[in-house]
Peer 1: 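This is the structure, below, for whatever I ask next.
Chain identifiers are assigned alphabetically (A, B, ...) following the order of the sequence lines, protein sequences preceding nucleic acid strands; residue numbering begins at 1 within each chain. The figures that follow rest on heavy atoms only: side chains count, while hydrogens, waters and symmetry mates do not.
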Amino acid sequence: MDKNYDHKLHEDKIISAWEKSGAFAAPEASRAKADGKRPFTLIMPPPNASDPLHVGHAMFVTIEDILIRYHRMKGDATLWLPGTDHAGIETQFVFEKKLAKQGKSRYDFDRKTLYQMISDYVNEFSGVSVQQMKRLGASADWGRFKFTLDGDIVGFVLTTFEKLHRDGLVYRGERLVNYCVKCGTSYSELEVIHEEKNGKLYFIKYPLADGGEIVVATTRPETMPGDTAVAVNPEDGRYKHLVGKMVILPLANRLIPIIADPMVEKEFGTGAVKITPAHDMADYETGMRHNLPLIQAIDFSGRMAGAAGEFAGMKVEPARTAVIEKLDALGLVEQTKEHIHNVGTCYRCHSIIEPLPLAQFFIKTKTLAAKAIKALDSGETVVLGAGRDKILLDWLTNIRDWNISRQIVWGIRIPVWYDVTANPTMEVGFLNTASEFVRGTLIEMMERGHSLAEIEAGLQTLRPAIGAEFVVSKTKPGDNYLQETDTFDTWFSSGQWPVATLATNRPDDLSYYYPTNVIESGYDILTIWIMRMMLLSIYLTGETPFKWVYLHGLIRDEQGRKMSKSIGNVVNPLDLVEKYGADALRMALVMSTTPGSDSNVGESKVRGMRNLANKIWNAARYVMEPVNQDQKPGPMDEEFNQKLKQVIHDVTDQLENLKIGLAAETVYNEFWHWFCDKAIEDNKSCELSSDALRRGFVVFLKLLHPFTPFVTEAIWQNMIKDGLLLASTWPDA
RNA sequence: GGGCCCGUGGCGCAGUUGGUAGCGCGUUUCAUUGACAUUGAAAAGGUCAUUGGUUCGAGUCCAAUCGGGCCCACCA
């Protein structure tokens with residue numbers, strides 16, 4: 001054996017030996033069942049198919065692989081099911097940025113072509129993440145690999161939607177949605193980030209119809225053309241006498257009522273609020289309570305709409321200035337104050353989110369959430385992650401209906417159809433045969449000579465009226481139908497992941513390997529993903545999808561800063577693997593970490609763990625040729641055996657209880673500071689037999705294997721020369 | 001405004017059901033040609049944020065305070 005362990009000489013060879021052995025594959029359910037084996041199932045959180053791995057991925061690969069290797073050695077029927085996600089918005093966003101560089105946009109292509117282009121782009125990179133996971137040592141069952149847009153997964157997702165619809169849990173409704181005019185799609189509230197911004201609070205005089213005025217405070221005067229009321233608090237003595245009176249809305253010169261609603265805070269501003277139901281979530285709610293009409297002043301491109309009269313066509317920011325100037329000229333601006341307020345921004349592109357009214361598909365979540373709450377309350381599902389279980393519970397308790405429509409093509413198209421003859425005025429946007437993007441009502445377009453077939457072929461957007469009837473069907477229900485152009489929220493498909501991946505694999509996988517034991521992910525997607533999996537999986541199977549939720553923390557740099565491209569402190573996990581070996585990176589990522597807490601990882605820690613790999617290697621060299629060759633028990637043998645048992649017991653116990661960081665620390669310390677520093681020295685002084693030392697070392701190889709699989713396997717091949725360490729059995733205490 | 005998490009030697013972090021504090025990196029001194037300098041031995045360094053309480057005993061439980069971070073929320 002070489003004097004030093006060089007990971008480059010071993011890792012690739014070991015990966016292929018493992019793969020060739022077939023040990024990664026989970027046993028067939030029927031056989032495992034017959035053998036009386038206990039299943040251990042872990043569904044991999046699917047990384048974006050087109051993205052290379054970052055440290056967060058390396059973290060989940062490591063933690064999950066540790067658990068999988070441990071359970072495999074314990075003799076469980078172990079399934080680690082891998083996959084990748086199409087990541088609808090993320091991917092289309094990146095792709096459109098590429099198009100923009102070529103001076104093109106999504107409107108230069110018909111749906112099919114655009115989809116194909118993105119698909120090709122994703123396929124070009126889709127192998128990368130899988131290769132990288134393998135380099136980290138991921139012992140997943142690659143034969144069961146799934147992609148969220150695989151035909152069988154898509155079929156499964158569509159069936160789920162049909163079932164939800166049959167059960168009355170789907171509706172199409174016009175709601176204020178969080179719309180990003182730059183991304184051209186709506187988002188669920190989970191994808192909106194609230195940021196504090198400096199703005200101005202304008203105090204504007206609204207004249208009363210029968211003389212006098214009422215002053216309202218607003219940060220968004222440009223939405224005034226959409227005002228449909230002024231609201232005051234019912235308890236507010238200053239305004240009680242005005243409730244029910246009419247005001248003349250400046251600029252538009254429309255009459256709108258003064259209403260009383262408890263949502264108004266008396267202390268803020270003037271205690272009077274303009275109500276703009278089409279452009280503010282709270283106003284929308286108020287509008288619903290008071291049956292106020294919806295007037296859209298801003299359109300989906302982020303410009304002022306026709307209702308804004310002279311301001312129509314202007315972008316929001318300049319329109320705000322223009323409106324204030326005009327009002328000021330009319331003497332209607334009482335005062336302007338500097339004001340810090342929360343603004344919703346797009347998590348993707350950081351543009352300001354416009355709340356806009358749009359007909360979308362929603363899933364009713366209340367009844368689904370009740371079952372998830374029950375699973376948490378009863379302990380059927382336990383969340384590990386520094387109190388984040390309470391955040392989950394809070395979300396489930398206050399859950400809102402889930403907007404699952406996205407206005408993008410990269411995803412699963414919603415299987416809903418509209419009858420053309422029944423909806424002649426729905427708006428269509430399509431690429432015509434002359435490759436121009438045209439938009440208008442269906443009937444207009446047909447009158448202009450565009451055939452239904454032409455429209456259907458180039459269709460990008462379809463906007464049927466609010467109450468339009470629709471048919472849910474996987475296939476076209478008749479010649480006179482056009483399909484909804486929205487696709488499902490990516491999380492709608494990944495929310496079914498544990499069930500969908502098992503149901504579309506081997507025949508008995510779902511019945512045997514479900515519910516899964518552990519789901520592992522970063523806490524940043526607790527609500528957006530984990531919660532959705534609970535909702536949909538319980539709905540589909542009646543059982544909670546996982547017993548344990550293990551939430552790992554964010555990985556920060558050595559100084560505790562978030563990794564970001566602008567700081568330039570992003571570490572590529574594969575570079576570290578190249579330099580120090582996969583074992584070193586794995587150990588550095590998990591040692592002394594605890595669920596839910598962020599951890600800082602820098603090169604010095606990885607280097608320290610590379611030293612561990614070398615230490616193991618050299619311990620092997622000693623054990624194979626110890627100074628004391630005596631097989632007979634030495635005076636320290638008894639104590640050594642006792643201690644060894646204790647170590648096995650501790651590590652096993654910690655792994656059983658998902659205390660992975662602690663288990664890593666225990667093996668590290670006991671191996672280095674007890675086995676190497678004490679036991680080997682005892683052997684040198686002839687107090688410990690070589691026999692005991694060797695048995696102890698083999699135990700340590702096994703205990704270390706889940707954490708540092710490569711170096712331990714390399715030694716096993718050198719020393720034991722029988723089978724693979726990967727497939728050996730876990731030591732008994 | 002409501003909720004959650006964190007505050008342990010210079011730095012980064014553990015500490016499993018409460019029993020007189022550990023690890024990595026760093027620092028100091030010494031050692032080493034036979035497992036490993038990617039090493040070993042020894043050492044310096046912490047009143048476990050502060051205050052009060054429960055307990056025979058608290059880093060570990062409770063309360064309050066200060067500091068840092070996060071989540072949620074219709075003060076426009």
Peer 1: Which nucleotide wins on minimum distance to the side chain of A:His673, given the candidates B:G24, B:C36, B:A73?
Peer 2: B:G24
Peer 1: May I ask which nucleotide in the shown strands pairs with B:U55, Watson-Crick or G-U wobble, both distances under 3.5 Å?
Peer 2: none
Peer 1: Is there a Watson-Crick or G-U wobble partner for B:C23 with both distances under 3.5 Å, and which nucleotide is it?
Peer 2: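 When the pairing criteria are applied, B:G12 turns out to be the nucleotide that pairs with B:C23.
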Peer 1: Against the six-membered ring of A:Tyr580, is A:Arg610 placed for a cation-pi contact (under 6.0 Å from the centre, within 45° of the normal)?
Peer 2: no
Peer 1: Base, sugar-phosphate or nothing for A:Thr593? Non-hydrogen atoms, less than 4.0 Å.
Peer 2: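 Counting heavy atoms under 4.0 Å across all strands, no contact is made by A:Thr593.
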Peer 1: Using the P atom as the point on both nucleotides, what is the distance between B:C56 and B:A44, in whole Å?
Peer 2: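 Comparing P positions in B:A44 and B:C56 gives a spacing of 35 Å.
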Peer 1: For the CZ atom of A:Phe710 and the OG1 atom of A:Thr712, what is their distance to the nearest 0.5 Å?
Peer 2: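 If I round to the nearest 0.5 Å, the distance is 9.5 Å.
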Peer 1: Measuring from the side chain of A:Val627 (C-beta onward, heavy atoms only), which nucleotide among B:U38, B:A35, B:A76 has the closest atom?
Peer 2: B:A35
Peer 1: Go through the side-chain N and O atoms of A:His279 and A:Glu354 and say whether any donor and acceptor fall under 3.5 Å apart.
Peer 2: no
Peer 1: Applying a 4.0 Å non-hydrogen cut-off, can you work out what A:His339 is touching in the nucleic acid: base, sugar-phosphate, or nothing?
Peer 2: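 Counting heavy atoms under 4.0 Å across all strands, the contact made by A:His339 is with sugar-phosphate only.
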Peer 1: Considering every strand shown, what is the Watson-Crick or G-U wobble mate of B:C30 when both distances are under 3.5 Å?
Peer 2: B:G40
Peer 1: Between A:Ser597 and A:Trp672, who's closer to the 5' end of RNA chain B by nearest nucleotide?
Peer 2: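 Its nearest nucleotide lies further toward 5', so the answer is A:Ser597.
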Peer 1: What do the steps show when you test A:Glu235 against A:Lys266 for salt bridge (Lys or Arg N to Asp or Glu O under 4.0 Å), and what is the final call?
Peer 2: CA-CA 8 Å; A:Glu235 307 296 320; A:Lys266 287 188 280 188; over 6 Å; no
Peer 1: For the residue pair A:Phe268 and A:His339, does the interplanar ring angle fall in the parallel (under 30°), tilted (30 to 60°) or perpendicular (over 60°) class?
Peer 2: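 Judged by the thresholds at 30° and 60°, the geometry between A:Phe268 and A:His339 is perpendicular.
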Peer 1: Which listed nucleotide (B:C23, B:U39, B:A76) is nearest to the side chain of A:Asn611?
Peer 2: B:U39
Peer 1: Nearest whole Å is fine: how far is B:A76 C1' from A:Ile214 CD1?
Peer 2: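 After rounding, the reported distance stands at 14 Å.
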Peer 1: Using the P atom in both, what is the distance from B:C6 to B:C74, to the nearest Å?
Peer 2: 27 Å
Peer 1: Describe the nucleic acid contact of A:Trp395 in one word from base, sugar-phosphate, nothing, applying a heavy-atom distance below 4.0 Å.
Peer 2: sugar-phosphate
Peer 1: Can a side chain N or O of A:Arg607 be found less than 4.0 Å away from OP1 or OP2 on B:G26?
Peer 2: no
Peer 1: Any base atoms under 4.0 Å from A:Arg694, or only sugar-phosphate, or nothing? Heavy atoms, all strands.
Peer 2: nothing
Peer 1: What is the distance, to the nearest angstrom, from the CG atom on A:Asp389 to the C1' atom on B:C71?
Peer 2: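 Taking atom C1' of B:C71 as the reference, CG of A:Asp389 is at 13 Å.
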Peer 1: Heavy atoms only, 4.0 Å cut-off, all strands: where does A:Tyr668 land among base, sugar-phosphate and nothing?
Peer 2: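 Sugar-phosphate: the residue A:Tyr668, judged by heavy atoms under 4.0 Å, touches backbone atoms but no base.
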Peer 1: Within 45° of the ring axis of A:Phe362 and under 6.0 Å from its six-membered ring centre, is that where the NZ or CZ of A:Arg175 lies?
Peer 2: yes
Peer 1: At under 4.0 Å between heavy atoms, what does A:Glu625 touch on the DNA or RNA strands: base, sugar-phosphate, or nothing?
Peer 2: nothing
Peer 1: Just call it for A:Asp280: base, sugar-phosphate, or nothing, with non-hydrogen atoms closer than 4.0 Å on any strand.
Peer 2: nothing
Peer 1: Using atom C1' of each nucleotide, how far apart are B:U60 and B:G22 to the nearest Å?
Peer 2: 15 Å
Peer 1: Rounded to whole angstroms, how far apart are CE on A:Met591 and P on B:C25?
Peer 2: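 Rounding to the nearest Å, CE of A:Met591 and P of B:C25 are 9 Å apart.
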Peer 1: Could you state the atom-to-atom distance from NZ of A:Lys615 to P of B:U39 in whole Å?
Peer 2: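 The answer, rounded to whole Å, is 7 Å.
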Peer 1: Just checking A:Lys678: base, sugar-phosphate only, or nothing, at a heavy-atom cut-off of under 4.0 Å?
Peer 2: nothing
Peer 1: A:Arg610 CZ to B:C36 C1': how many Å, rounded?
Peer 2: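 From A:Arg610 CZ to B:C36 C1': 12 Å.
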Peer 1: Can you tell which of B:C74, B:C5, B:C75 lies closest to the side chain of A:Lys390?
Peer 2: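 So the side chain of A:Lys390 is nearest to B:C5.
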Peer 1: Over all strands shown, is A:Val216 touching base, sugar-phosphate only, or nothing at heavy-atom distances under 4.0 angstrom?
Peer 2: nothing
Peer 1: Using a cut-off of 4.0 Å on non-hydrogen atoms, how would the nucleic acid contact of A:Met263 be classed: base, sugar-phosphate, or nothing?
Peer 2: base
Peer 1: Taking any heavy-atom pair under 4.0 Å as a contact, classify A:Asp677: base, sugar-phosphate, or nothing.
Peer 2: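 Sugar-phosphate contact only.
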Peer 1: For a quick check of understanding: with a heavy-atom distance under 4.0 Å over all strands, which category does A:Met1 fall into, base, sugar-phosphate or nothing?
Peer 2: nothing
Peer 1: May I ask which nucleotide in the shown strands pairs with B:G7, Watson-Crick or G-U wobble, both distances under 3.5 Å?
Peer 2: B:C66
Peer 1: For B:G1, what is the paired nucleotide under Watson-Crick or G-U wobble rules, both distances under 3.5 Å?
Peer 2: B:C72
Peer 1: Say you draw a straight line from NE2 of A:His705 to CG of A:Leu725; how long is it, rounded to the nearest 0.5 Å?
Peer 2: 4.5 Å
Peer 1: Remember a base hit wins even if backbone is also touched, and classify A:Ile275 as base, sugar-phosphate or nothing at under 4.0 Å, heavy atoms.
Peer 2: nothing
Peer 1: Write down the distance separating the P atoms in B:G15 and B:G52, rounded off to the nearest Å.
Peer 2: 28 Å
Peer 1: Once you apply a heavy-atom cut-off of 4.0 Å, does A:Lys3 come out as touching a base, just sugar-phosphate, or nothing?
Peer 2: sugar-phosphate
Peer 1: Expressed as a whole number of Å, how far does the P atom of B:U50 sit from that of B:C66?
Peer 2: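 Going atom to atom, P in each nucleotide, I get 16 Å.
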Peer 1: Please report the distance separating the P of B:C11 from the corresponding atom of B:U16, rounded so that it comes out in whole Å.
Peer 2: 23 Å
Peer 1: I want to check one thing: is the phosphate of B:C75, taken as OP1 and OP2, less than 4.0 Å away from some side-chain N or O of A:Lys266?
Peer 2: no
Peer 1: Figure out the CD/C1' separation between A:Glu267 and B:G1, and round it to whole Å.
Peer 2: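 After rounding, the gap between these two atoms is 13 Å.
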Peer 1: Taking the six-membered ring of A:Trp674, is the NZ or CZ of A:Lys643 close enough (under 6.0 Å from the centre) and on axis enough (within 45°)?
Peer 2: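 Here A:Lys643 passes the 6.0 Å and 45° test against A:Trp674.
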Peer 1: Tell me whether the side-chain N or O atoms of A:Lys605 pair up with the base of B:C25 as donor and acceptor below 3.5 Å, since no angle test is needed here.
Peer 2: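 Between B:C25 and A:Lys605, which were checked side chain against base, a qualifying N/O pair under 3.5 Å is absent.
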Peer 1: When the P atoms of B:G10 and B:U27 are compared, how many Å lie between them, rounded to an integer?
Peer 2: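 Taking atom P in both B:U27 and B:G10, they lie 15 Å apart.
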Peer 1: Does a nitrogen or oxygen in the side chain of A:Lys659 sit under 4.0 Å from OP1 or OP2 of B:U17?
Peer 2: no
Peer 1: Quick check: on RNA chain B, is the nucleotide nearest A:Lys684 upstream (toward 5') of the one nearest A:Gln654, or the reverse? Name the residue that is more 5'.
Peer 2: A:Gln654
Peer 1: Check whether any side-chain heavy atom of A:Pro573 sits under 4.5 Å from a side-chain heavy atom of A:Leu585, and report yes or no.
Peer 2: yes
Peer 1: Please report the distance separating the C1' of B:U8 from the corresponding atom of B:A76, rounded so that it comes out in whole Å.
Peer 2: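 Their C1' atoms lie roughly 46 Å apart.
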